[in-house]
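Have a look at the structure below, then the notes.
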Number of protein chains: 2
Amino acid sequence: MNAEMLKGHLDNVILATLERGPAHGYAVIEDIRRRSGGSFDLPEGTVYPALHRLELAGLIASDWVTPEAGRRKRVYALTPGGKTALKDRREGWAEFSRAVGAFLEPDKPWAA
Amino acid sequence: MNAEMLKGHLDNVILATLERGPAHGYAVIEDIRRRSGGSFDLPEGTVYPALHRLELAGLIASDWVTPEAGRRKRVYALTPGGKTALKDRREGWAEFSRAVGAFLEPDKPWAA
DNA sequence: ATTTATACCTTGCATTGCTAGGGGTCAAGT
DNA sequence: ACTTGACCCCTAGCAATGCAAGGTATAAAT
């Protein structure tokens with residue numbers, strides 16, 4: 001799978017991951033890998049800047065958590081604005097997916 | 001629809017457009033707009049460089065055509081390599097679409 | 001004559017995912 | 001004791017891409 005295809009969709013994937021509950025960066029990477037069936041095996045240099053980007057945009061918020069056993073983690077959670085954004089991006093993805101499918105999935109009924 | 005979502009997918013859309021037969025740049029833009037149901041209304045500054053890119057990569061080839069009536073056009077057609085690439089990219093899109101759908105289309109059966 | 005649609009092109013920008021590095025903690029194996 | 005691997009965080013700089021903005025030119029419509 002081409003690497004550039006993810007551009008513009010990573011934020012949506014991360015937001016959808018955090019929709020299931022707060023998680024720290026490393027766990028987000030693992031969730032994405034598992035939930036995508038291995039298709040998205042993202043390096044840290046991709047995900048961490050994306051998380052910072054989303055926090056700067058106000059779509060997620062972070063808290064440092066230091067458990068008794070283990071290392072300190074930065075746990076991210078969706079903000080109300082993030083939930084709204086995710087809803088909008090779902091619609092955006094549906095439209096985009098339908099539009100590209102009209103070109104690359106010629107068996108679909110909508111492909112004129 | 002977000003603008004950055006098209007990144008990495010435009011080449012596939014253009015290749016699929018030329019799959020139906022040779023066309024010049026301006027016609028490609030119109031075909032994409034029509035076939036996408038208006039979702040992709042691409043400016044020339046997006047499509048023309050992409051066509052040059054694809055030709056440089058050997059996936060399409062161009063010929064200048066000067067009809068008796070009308071303006072001269074640069075007509076692009078898929079090369080054998082382009083047809084092969086399109087086939088591969090169809091599979092890539094299927095995988096990518098399935099993977100993103102697992103995050104943004106939670107009603108789908110594969111969304112664990 | 002002016003506007004609109006057609007038809008092509010390029011420069012430079014903003015954004016993005018990735019590579020390649022860095023730091024550090026902790027458990028298990030050798 | 002030492003190394004390996006898993007865990008957990010971060011940044012600088014690169015390459016690619018879609019786009020805005022601008023230019024050129026012909027043909028048809030008003």
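Proteins get letters first, then strands, A, B, ... in listed order; numbering begins at 1 in each.
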Report the distance from atom [atom1] of [X] to atom [atom2] of [N], rounded to the nearest whole Å.
| X | N | atom1 | atom2 | value |
| --- | --- | --- | --- | --- |
| B/Ile14 | D/dG18 | CD1 | P | 8 Å |
| B/Leu54 | D/dT17 | CG | C1' | 12 Å |
| B/Met5 | D/dA16 | CE | C1' | 19 Å |
| B/Leu51 | D/dG18 | CG | P | 11 Å |
| A/Lys73 | D/dC10 | NZ | C1' | 17 Å |
| A/Ile29 | D/dA6 | CD1 | P | 14 Å |

Consider only side-chain heavy atoms of I, L, V, M, F, W and Y, link residues closer than 4.5 Å, and tell whether B/Val75 and B/Val47 are in one cluster.
no
Report the residue (A/Glu4 or A/Trp64) whose heavy-atom-nearest nucleotide on DNA chain D is the more 5′ of the two.
A/Trp64
Can you tell me how far [atom2] of [Y] sits from [atom1] of [X], rounded to the nearest 0.5 angstrom?
| X | Y | atom1 | atom2 | value |
| --- | --- | --- | --- | --- |
| B/Phe103 | A/Leu15 | CZ | CG | 11.5 Å |
| B/Leu18 | B/Leu51 | CG | CG | 7.0 Å |
| B/Ile60 | B/Ile14 | CD1 | CD1 | 7.0 Å |

Do nucleotides 19-30 of chain D as a string where each nucleotide becomes B, S or -: B if the base has a protein heavy atom under 4.0 Å, S if just the sugar-phosphate does, - if no protein is that close.
BBB---BB----
Between B/His52 and B/Glu30, just flag the one whose closest nucleotide in DNA chain C comes earlier from the 5' side.
B/Glu30
What orientation do B/Phe96 and A/Trp93 show, parallel under 30°, tilted 30 to 60°, or perpendicular over 60°?
perpendicular
Under 4.0 Å from OP1 or OP2 of [N]: is there any side-chain N or O of [X] that close?
| X | N | result |
| --- | --- | --- |
| A/Arg74 | D/dC10 | yes |
| A/Tyr48 | D/dC10 | no |
| A/Lys7 | D/dT17 | no |

Run through A/Arg35, A/Arg34, A/Arg33 and flag the one making a side-chain hydrogen bond (donor to acceptor under 3.5 Å, both in side chains) with A/Asp31.
A/Arg34
Is the shortest distance from a Lys or Arg side-chain nitrogen in B/Arg98 or B/Glu95 to a carboxylate oxygen in the other one below 4.0 Å?
no
Going 5' to 3' along DNA chain C, which are the first and last nucleotides with any atom under 4.0 Å from a heavy atom of chain A?
C/dT16 to C/dC26
Test item: B/Leu104 and A/Arg89 side chains (from C-beta on) under 4.5 Å apart, heavy atoms:
no
State, yes or no, whether a side-chain contact exists between A/Arg74 and A/Asp63 at a heavy-atom distance under 4.5 Å.
no
